[in-house]
Amino acid sequence: MSKELTSRAEDYSKWYNDIVVKADLADHSAVRGCMVIKPYGYGIWENMQKTLDKMFKETGHQNAYFPLFIPKSLFEAEEKNAEGFAKECAVVTHYRLKTNPNDKSKLIVDPEAKLEEELIVRPTSEAIIWNTYKGWIQSYRDLPILVNQWANVVRWEMRTRLFLRTAEFLWQEGHTAHATKEEAISETKQMLEVYADFVENWMAVPVVKGVKSANERFAGADDTYCIEAMMQDGKALQAGTSHFLGQNFAKAFDVKYVTKDNKQEFVWATSWGVSTRLIGALIMSHSDDNGLVLPPKLAPIQVVIVPIYKGDDGLAKVSETANDIKKKLQAKGISVKYDDRDSQRPGWKFAEYELKGVPVRIAIGERDLANGTVEIARRDTLTKETVNIEGIDSLIENLLNDIQLNLFNKAKARNQELTTTVNSYEEFKKVLDEKTGFVYAHWDGTPETEEKIKEETKATIRCIPLNNVQEAGVCIYSGKPSTQRVLFARAY
RNA sequence: CGGGGUGUAGCGUAGCCCGGUAUCGCGCCACGUUUGGGACGUGGAGGCCGUCAGUUCGAAUCUGGCCACCCCGACCA
């Protein structure tokens, strides 16, 4: 069969790639490093967007849209931010093509059409947004500004992987402006909680919430909060970040407001984002050697109904019951597909929807019609049972909740299994090589030590967990005193 | 960008060493029989062999450049 997947044991990376392509989520495009997100994959993204957008609005945010292009002079205003992103920027230098005089069938860049100032294709939008905010903010009465945008950004990555790292990706970026430091920090933390809530309760992926070390901090931020997820192979994946930007952008773009007692103050900022990378996290958290496994809350199709019949009359009879069940489920807000195509046989459909990760499959045959039953199969456990049609809507509703919970619990158990506390550098290296996963270890807090450990082991500090236990210890690398353990892992 | 690998029909491949216009399976189209875990039969369509150049009477095959993808590094959400 051409649709057979590479197994995880055989080649984990290939398995991941196979799933993306064979489950019809996305494909490589004609453009280096850029992917085509296909309808089924985009359906997952739409569900993510819908949920996150609602959460953002419930926490007081509004959507807006800013330009794709950022004039170079604006881009370079915040020095650290500019420096951090400079080496992966796409740059627009001309605004016109013309026919090649030597070959009429070809176009060349018109040298006459050089831009006065280069335009940077946004790798992130702080610069253009803070330049805009300058005009929006005069008084404390204009604050806070709580804005989000859904957009695409471009980061010219050396090496790309479908969903996990593409040169162009879709994301949302929230950019807020506040009168006080406390309020901005509280916003930063609030959005981290929103992300954690979404990733754990919708994606069914457990996360560790924490703060990045200085080395791993967003360019231009005073603090970067993050959620770190663990993939099946024990590697970490940064699933979302929320930055406290201090007054860095306000100072770079001269954004001040007048306080109640008529003083000029710089504005405090945050930014936060998650991207289509989350789809990669979803795949690598739950899927198996049979294909994708989707959490019911984000599955484009939650239930598929497959008819089993002989002849047109048989199909008509089965369809009546199938459509009836479909209506009942839809009334409960469940998304249902009734696949009555005659061009594929039932066995083919079973395999296909398994590969695509549809959480629940209902099979109805003429045998069932006689008994008043259907066969229900769940994707997460690959188990089947025959149940009465009576009350099927509630049963499926509960089953979807069960699957959602089961996926989370399985991932949670794996996380715990693959989380180790170590006390020596030897042990640290051994765990990383032999067991993989998250490793908690004492660290002296210096960037130098972090850098050395990274060089020698490829493991980075994923975060300093929030509400971390404070305990005296010694750094596994330098032997210097340490007050807490931090989370290390090899990461995507 | 450095190291390694791969590129032949929609997909997976044989052929390449030893140059003579491409093999097989799946998929696709038509018709018929089928339909409770990826059906079967018969007939059919589809490939300037990644791309550009060179060697040659002749290149999938030999030589070189380029491009894309995969793996390992550096970078990163």
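The sequence lines fix the lettering, A, B, ..., with proteins before strands; numbering per chain opens at 1.
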J.: Which is true for A:Arg361 with a 4.0 Å heavy-atom rule: it touches a base, it touches only sugar-phosphate, or it touches nothing?
T.: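 Base contact.
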J.: Could you tell me the separation between the CG atom of A:Asp339 and the C1' atom of B:G37, rounded to a whole number of Å?
T.: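 Rounded to whole Å, this separation is 15 Å.
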J.: What distance, rounded to whole Å, do you find between the two P atoms, one in B:C57 and one in B:G73?
T.: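 After rounding to an integer number of Å, I get 49 Å for this pair.
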J.: Write down the distance separating the P atoms in B:C67 and B:A74, rounded off to the nearest Å.
T.: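 Here B:C67 and B:A74 have their P atoms 24 Å from each other.
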J.: Taking the P atom of each, how far is B:G7 from B:C16, in whole Å?
T.: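 That atom pair is separated by 13 Å.
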J.: Would you give me the side-chain donor-acceptor pairs under 3.5 Å for residues 204-222 of chain A, sequence neighbours excluded?
T.:
from     : atom 1 : to       : atom 2 : distance (Å)
A:Lys209 : NZ     : A:Glu193 : OE1    : 3.0
A:Lys209 : NZ     : A:Glu193 : OE2    : 3.3
A:Lys212 : NZ     : A:Glu228 : OE2    : 2.7
A:Lys212 : NZ     : A:Gln238 : OE1    : 2.9
A:Lys212 : NZ     : A:Arg462 : O      : 2.8
A:Ser213 : OG     : A:Glu450 : OE1    : 3.1
A:Ser213 : OG     : A:Glu450 : OE2    : 2.6
A:Asn215 : ND2    : A:Glu450 : OE1    : 3.2
A:Arg217 : NE     : A:Asp222 : O      : 3.2
A:Asp222 : OD1    : A:Asn248 : ND2    : 3.0

J.: Taking only distance into account, with no hydrogens and no angle test, what donor-acceptor pairs under 3.5 Å do side-chain atoms of residues 299-307 of chain A form with protein atoms, sequence neighbours excluded?
T.:
from     : atom 1 : to       : atom 2 : distance (Å)
A:Gln302 : OE1    : A:Ser335 : N      : 2.9
A:Gln302 : NE2    : A:Pro296 : O      : 2.9

J.: Starting from P on B:U35, measure out to CD1 on A:Ile305 and report it in whole angstrom.
T.: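 These atoms are roughly 22 Å apart.
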J.: Please state the C1' separation for the pair B:G10 and B:G47 - nearest whole angstrom.
T.: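 Nearest-Å result for B:G10 against B:G47 at atom C1': 12 Å.
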J.: For the pair made of CD in A:Glu366 and P in B:U34, what is the distance, rounded to whole Å?
T.: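 It works out to 14 Å between those atoms.
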J.: Just the rounded figure in Å: distance from C1' of B:C70 to CG of A:Asp18.
T.: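 Rounded to whole Å, this separation is 11 Å.
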J.: Polar atom pairs between nucleotides 39-41 of chain B and protein, under 3.5 Å, N or O only, would you list them?
T.:
from  : atom 1 : to       : atom 2 : distance (Å)
B:A39 : OP2    : A:Arg345 : NH1    : 2.8
B:A39 : O4'    : A:Arg345 : NH1    : 3.0
B:A39 : N9     : A:Arg345 : NE     : 3.4

J.: Does a distance-only test, which skips hydrogens and angles, find a donor-acceptor pair under 3.5 Å between the side chain of A:Lys384 and the base of B:G37?
T.: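 Checked by distance alone, the answer is yes.
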J.: Can the positive tip of A:Lys356 be found less than 6.0 Å from the middle of the six-membered ring of A:Tyr40, inside 45° of the ring normal?
T.: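 Output yes; distance and angle both within limits.
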J.: Do NZ/NE/NH1/NH2 and the carboxylate oxygens of A:Arg378 and A:Asp380 come within less than 4.0 Å?
T.: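 Yes.
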J.: Calculate the interatomic distance between A:His28 atom NE2 and B:U6 atom C1'; express it in whole Å.
T.: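 Whole-Å distance recorded here is 13 Å.
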J.: Would you mind reading off the distance between A:Leu315 atom CG and B:G36 atom P, rounded to a whole angstrom?
T.: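 To the nearest whole Å, that distance equals 14 Å.
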J.: Give the table of side-chain donor-acceptor pairs shorter than 3.5 Å for residues 119-127 of chain A, with sequence neighbours excluded, one pair per line with atom names and distance.
T.:
from     : atom 1 : to       : atom 2 : distance (Å)
A:Arg122 : NE     : A:Asn152 : O      : 2.7
A:Arg122 : NH1    : A:Tyr65  : OH     : 3.4
A:Arg122 : NH1    : A:Phe66  : O      : 2.9
A:Arg122 : NH1    : A:Pro67  : O      : 3.2
A:Arg122 : NH2    : A:Tyr65  : OH     : 2.7
A:Arg122 : NH2    : A:Asn152 : O      : 3.1
A:Arg122 : NH2    : A:Asn152 : OD1    : 2.8
A:Thr124 : OG1    : A:Glu126 : OE1    : 2.6
A:Ser125 : OG     : A:Gln149 : NE2    : 3.2
A:Ser125 : OG     : A:Glu173 : OE1    : 3.4
A:Ser125 : OG     : A:Glu173 : OE2    : 2.6
A:Glu126 : OE2    : A:Ser271 : OG     : 2.8

J.: In terms of side-chain heavy atoms, does A:Asn388 have a donor or acceptor partner in A:Thr373 at a distance below 3.5 Å?
T.: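 No.
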J.: How does RNA chain B read in dot-bracket, base by base from 5' to 3', with Watson-Crick or G-U pairs under 3.5 Å and | used when the partner is on another strand?
T.: ((((((((.[[[..)....(...]]].((((((.....)))))).....[[[[[..)....]]]]])))))))....
J.: What integer distance in Å separates A:Lys22:NZ from B:C11:P?
T.: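 Rounded to the whole Å, the gap is 11 Å.
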J.: Of all the nucleotides listed (B:C28, B:G36, B:G37), which has the minimum atom distance to the side chain of A:Gln344?
T.: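 The closest nucleotide is B:C28.
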J.: Can a side-chain donor-acceptor contact be found between A:Tyr338 and A:Ser319 if the only test is distance below 3.5 angstrom?
T.: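 A donor-acceptor contact under 3.5 Å links the two side chains.
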J.: For the C1' atoms, the ones on B:A22 and on B:G3, what distance do you get once it is rounded to whole angstrom?
T.: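 Each nucleotide's C1' atom is 34 Å from the other's.
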J.: Using a 4.0 Å heavy-atom cut-off to protein, can you give one letter per nucleotide of nucleotides 71-77 of chain B, 5' to 3': B if the base is in contact, S if only the sugar-phosphate is, - if neither?
T.: SBBBBBB
J.: State which residues pass ring pair (Phe, Tyr, Trp, His ring centres under 6.0 Å) with A:His61; sequence neighbours excluded, sorted by chain then number.
T.: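 A:His61: ring pair (Phe, Tyr, Trp, His ring centres under 6.0 Å) contacts with A:Trp272.
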J.: Roughly how many Å is it from CD in A:Glu375 to P in B:G37, rounded to a whole number?
T.: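 The answer, rounded to whole Å, is 8 Å.
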J.: Given the P atoms of B:G50 and B:G44, what is the spacing between them in whole Å?
T.: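 Taking atom P in both B:G50 and B:G44, they lie 28 Å apart.
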J.: For residues 279-299 of chain A, which residue pairs qualify under salt bridge (Lys or Arg N to Asp or Glu O under 4.0 Å), counting only residues two or more places apart or in two chains?
T.: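 For residues 279-299 of chain A, and leaving out neighbouring residues, the salt bridge (Lys or Arg N to Asp or Glu O under 4.0 Å) pairs sorted by first residue read A:Arg8-A:Asp289, A:Asp288-A:Arg379.
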J.: Taking side chain to side chain contact (heavy atoms under 4.5 Å, CB included) as the definition, give me every residue that meets it alongside A:Lys50, ordered by chain and number, with sequence neighbours left out.
T.: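 For A:Lys50, the residues satisfying side chain to side chain contact (heavy atoms under 4.5 Å, CB included) (neighbours in sequence not counted) are A:Asn47.
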J.: Under 3.5 Å, is there a donor-acceptor pair linking the side chains of A:Thr270 and A:Thr188?
T.: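 A:Thr270 vs A:Thr188: no donor-acceptor pair found between side chains.
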J.: Quick one: salt bridge (charged side-chain N to carboxylate O under 4.0 Å, His left out) partners of A:Asp402, sequence neighbours excluded?
T.: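 Result, salt bridge (charged side-chain N to carboxylate O under 4.0 Å, His left out) vs A:Asp402: none returned.
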J.: Take atom P in B:G27 and the same atom in B:A68, then report the distance between them in whole Å.
T.: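 Those two atoms are separated by 33 Å.
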J.: Show your working on ring-ring contact (aromatic ring centres under 6.0 Å, His included) between A:Tyr440 and A:Phe488 and close with a plain yes or no.
T.: CA-CA 6 Å; A:Tyr440 283 97; A:Phe488 284 91; 9.4 Å; no
J.: Near RNA chain B, which residues from residues 33-49 of chain A have a heavy atom under 4.0 Å away?
T.: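 Heavy-atom cutoff 4.0 Å gives A:Gly33.
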J.: Answer yes if the side chains of A:Tyr309 and A:Asp342 hold a donor-acceptor pair under 3.5 Å, and no otherwise.
T.: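 Indeed, the side chains of A:Tyr309 and A:Asp342 share at least one donor-acceptor pair under 3.5 Å.
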J.: On RNA chain B, does the nearest nucleotide to A:Ala351 precede the nearest nucleotide to A:Tyr309 from the 5' side, or the other way round? Give the residue.
T.: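 Closer to the 5' end of RNA chain B: A:Tyr309.
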J.: My understanding is that only residues two or more places apart in sequence, or in another chain, count here; which of them pass ring pair (Phe, Tyr, Trp, His ring centres under 6.0 Å) with A:Phe169?
T.: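 With neighbours one apart ignored, the set is A:Trp171.
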J.: Provide the distance between the two P atoms, one in B:C1 and one in B:G38, to the nearest whole Å.
T.: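 Between the two P atoms, the distance is 49 Å.
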